[in-house]
Amino acid sequence: METRGHRRGLDAEGHIEREGSLARVPRAFEPVVAAALDRLADVFGSRLDGAYLYGSIPRGTARVGRSDLDLLLSLREEPTEADRADARALETALDEEFPEIDGVGTLLFGRGRLLSDLERHDLGWFVACLCTPLLGEDLAVHLPRYRPDALLARETNGDLALLLPRWRERIAAAEDTDGARRPLVRSLSRHLVRTGFTLVMPRWNGWTSELGEMAEAFGAYYPERATDLRSAAVRGYEPTGDPAVLRSYVDDLGPWLAGEYARVHGVKAPRA
């Protein structure tokens with residue numbers, strides 16, 4: 001099934017449109033975004049090159065008390081352990097102060113890495129298309145426009161086979177409780193749905209970050225696995241603590257998806 005006329009998430013020239021905006025931040029989340037803006041400048045000072053929001057809050061789809069605050073920081077140099085400790089402290093403070101959010105996640109990278117040739121179609125694309133500028137220079141001005149092509153598919157999610165052993169280690173190390181497993185189910189579910197979507201993205205010829213839409217796009221090309229990805233999309237929003245779900249991800253769906261991804265798009269360029 002080919003749908004080259006599909007324009008979902010693309011501009012008139014077929015490039016992926018930047019999906020978020022500060023204007024779309026729901027009113028309930030405006031105070032936490034303002035607090036993050038102020039505190040990032042105080043905590044990181046001259047080390048901070050720029051800060052971005054990503055995820056459901058800048059897309060305008062966040063749910064009060066259920067959604068987390070996602071931040072990406074561009075530092076002038078590669079992040080140090082002290083930088084990561086400062087980020088964790090800020091995450092904890094914001095999460096405790098604002099009941100509107102359910103956790104804070106912060107990605108830290110050096111400016112040089114974000115603009116490197118190796119990351120051009122992974123982290124660079126992520127900044128240019130999925131991140132909303134919050135503070136400092138917008139690195140998107142130094143990056144190309146992106147199309148939903150096979151190169152982008154390979155470089156964003158063509159490393160699933162390398163991730164599976166790490167996932168198994170995380171699962172084995174988790175406490176044997178539903179509460180400990182639910183965050184893992186949520187994280188792995190989202191990753192698998194996004195990987196399934198980018199597998200078919202060039203044929204679907206568009207972009208979306210909504211898990212349900214991603215699963216439906218995937219299912220149009222792989223009907224034999226459609227139910228698996230639809231279920232994962234549901235768990236990405238409403239995770240269960242069932243250990244059988246995690247086992248199915250690393251023993252069945254994950255390996256199948258990694259193999260099919262390598263067959264169709266190849267393997268992501270190695271990172272050091």
Side-chain angles (χ1 to χ4, degrees), residues 1-25 50 52-61 70 72 74 107 109 113-134 137-160 190-223 225-226 229-230 232-233 236 257-258 260-269:
M1 179 187 298
E2 299 294 333
T3 54
R4 300 301 300 178
H6 206 298
R7 311 296 290 182
R8 174 73 164 88
L10 306 183
D11 66 15
E13 297 178 343
H15 299 113
I16 297 175
E17 294 182 304
R18 193 172 229 167
E19 63 177 16
S21 165
L22 293 181
R24 297 179 189 170
V25 173
Y52 302 81
L53 292 174
Y54 69 95
S56 61
I57 290 180
R59 292 200 304 268
T61 60
D70 294 310
L72 182 144
S74 169
L107 302 176
F109 300 101
R113 181 179 176 188
L114 293 173
L115 293 178
S116 67
D117 289 342
L118 186 61
E119 296 292 351
R120 183 63 52 88
H121 286 82
D122 189 7
L123 291 177
W125 163 78
F126 186 78
V127 168
C129 296
L130 305 191
C131 289
T132 297
L134 184 62
E137 181 186 15
D138 180 9
L139 296 183
V141 300
H142 303 291
L143 294 163
R145 304 298 306 281
Y146 295 90
R147 297 182 184 275
D149 56 20
L151 173 60
L152 186 63
R154 186 186 74 223
E155 291 304 304
T156 51
N157 287 302
D159 58 350
L160 181 56
R190 292 184 170 215
H191 196 114
L192 289 171
V193 172
R194 289 165 182 156
T195 302
F197 170 70
T198 51
L199 171 63
V200 304
M201 174 183 66
R203 286 184 284 173
W204 194 70
N205 192 33
W207 177 261
T208 177
S209 282
E210 296 305 313
L211 298 180
E213 292 179 348
M214 286 181 162
E216 290 305 316
F218 168 86
Y221 300 94
Y222 292 94
R225 284 284 183 171
L229 223 69
R230 290 188 187 111
L257 189 52
E260 184 65 5
Y261 215 99
R263 185 188 71 82
V264 174
H265 296 303
V267 178
K268 185 175 183 175

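Values below: all heavy atoms of this structure, side chains included; hydrogens, waters and symmetry mates excluded.
In this structure, OH in Y261 is found 3.0 Å from OG1 in T198, a value given to the nearest 0.5 Å. Distance check, rounded to the nearest 0.5 Å: CG of L10 to CG of N205 gives 5.5 Å. Once rounded to the nearest 0.5 Å, the distance linking CG of L134 with CG of L53 reads 4.5 Å. Here F218 contributes atom CZ and W204 contributes atom CH2; the two are 14.5 Å apart, rounded to the nearest 0.5 Å. In this structure, the separation between OG on S74 and CG on L115 is 7.0 Å, given to the nearest 0.5 Å. With rounding to the nearest 0.5 angstrom, the SG atom of C131 is 7.5 Å from the CZ atom of R18.
Annotation: salt bridge (charged side-chain N to carboxylate O under 4.0 Å, His left out) contacts of D11 (sequence neighbours excluded): R145. Residues meeting the ring pair (Phe, Tyr, Trp, His ring centres under 6.0 Å) test with F109, sequence neighbours left out: none.
Between M214 and W207 the shortest side-chain heavy-atom distance falls below 4.5 Å. Between L22 and P58 there is no side-chain heavy-atom pair separated by less than 4.5 Å. Counting heavy atoms from C-beta on, the side chains of L139 and Y52 come closer than 4.5 Å. Contact annotation: the side chain of P144 never approaches that of H15 to less than 4.5 Å [non-hydrogen atoms, C-beta and beyond]. A heavy-atom distance below 4.5 Å is found between the side chains of Y222 and L199. The shortest side-chain heavy-atom distance between L211 and F197 does not fall under the 4.5 Å cut-off.
Shortest non-hydrogen contact noted between Y54 and L107 is OH-CD1, 3.4 Å. Here the shortest heavy-atom pairing between P148 and G206 reads CB-O, 3.7 Å. In terms of heavy-atom proximity, L229 sits nearest to G196 at CD2-CA, 4.0 Å. The minimum heavy-atom distance between A215 and A233, with the atom names listed, is CB-CB, 4.0 Å. When all heavy atoms of A258 and L160 are compared, the pair lying nearest together is N-CD2, 3.7 Å.
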Next item on the list: For the pair T156 and W125, evaluate side chain to side chain contact (heavy atoms under 4.5 Å, CB included) and give the outcome as yes or no after the intermediate values.
Entry: CA-CA 9 Å; T156 51; W125 163 78; 3.5 Å; yes

Margin query: Is there a side chain to side chain contact (heavy atoms under 4.5 Å, CB included) between L72 and L114? Walk through the geometry before answering.
Written below: CA-CA 11 Å; L72 182 144; L114 293 173; 4.2 Å; yes

Next item on the list: Could you please spell out the steps behind the side chain to side chain contact (heavy atoms under 4.5 Å, CB included) verdict for D70 and I57?
Entry: CA-CA 8 Å; D70 294 310; I57 290 180; over 6 Å; no

Check: Run the side chain to side chain contact (heavy atoms under 4.5 Å, CB included) check on H121 and R154 step by step: do they pass?
Finding: CA-CA 9 Å; H121 286 82; R154 186 186 74 223; over 6 Å; no

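Ion pairing between R59 and E210 holds under the 4.0 Å rule for side-chain N and carboxylate O. Using a 4.0 Å cut-off between charged side-chain N and carboxylate O, E155 and R120 make no salt bridge.
Partner M201 forms a side-chain contact (heavy atoms from CB on, under 4.5 Å) with one of N157, L152, D149 and no other, that one being L152. Checked options E216, E213, E19; the residue passing with T208 is E213 (criterion: side-chain contact (heavy atoms from CB on, under 4.5 Å)).
R190 places a side-chain N or O within donor-acceptor distance of the main-chain N or O of G236, the cut-off being under 3.5 Å.
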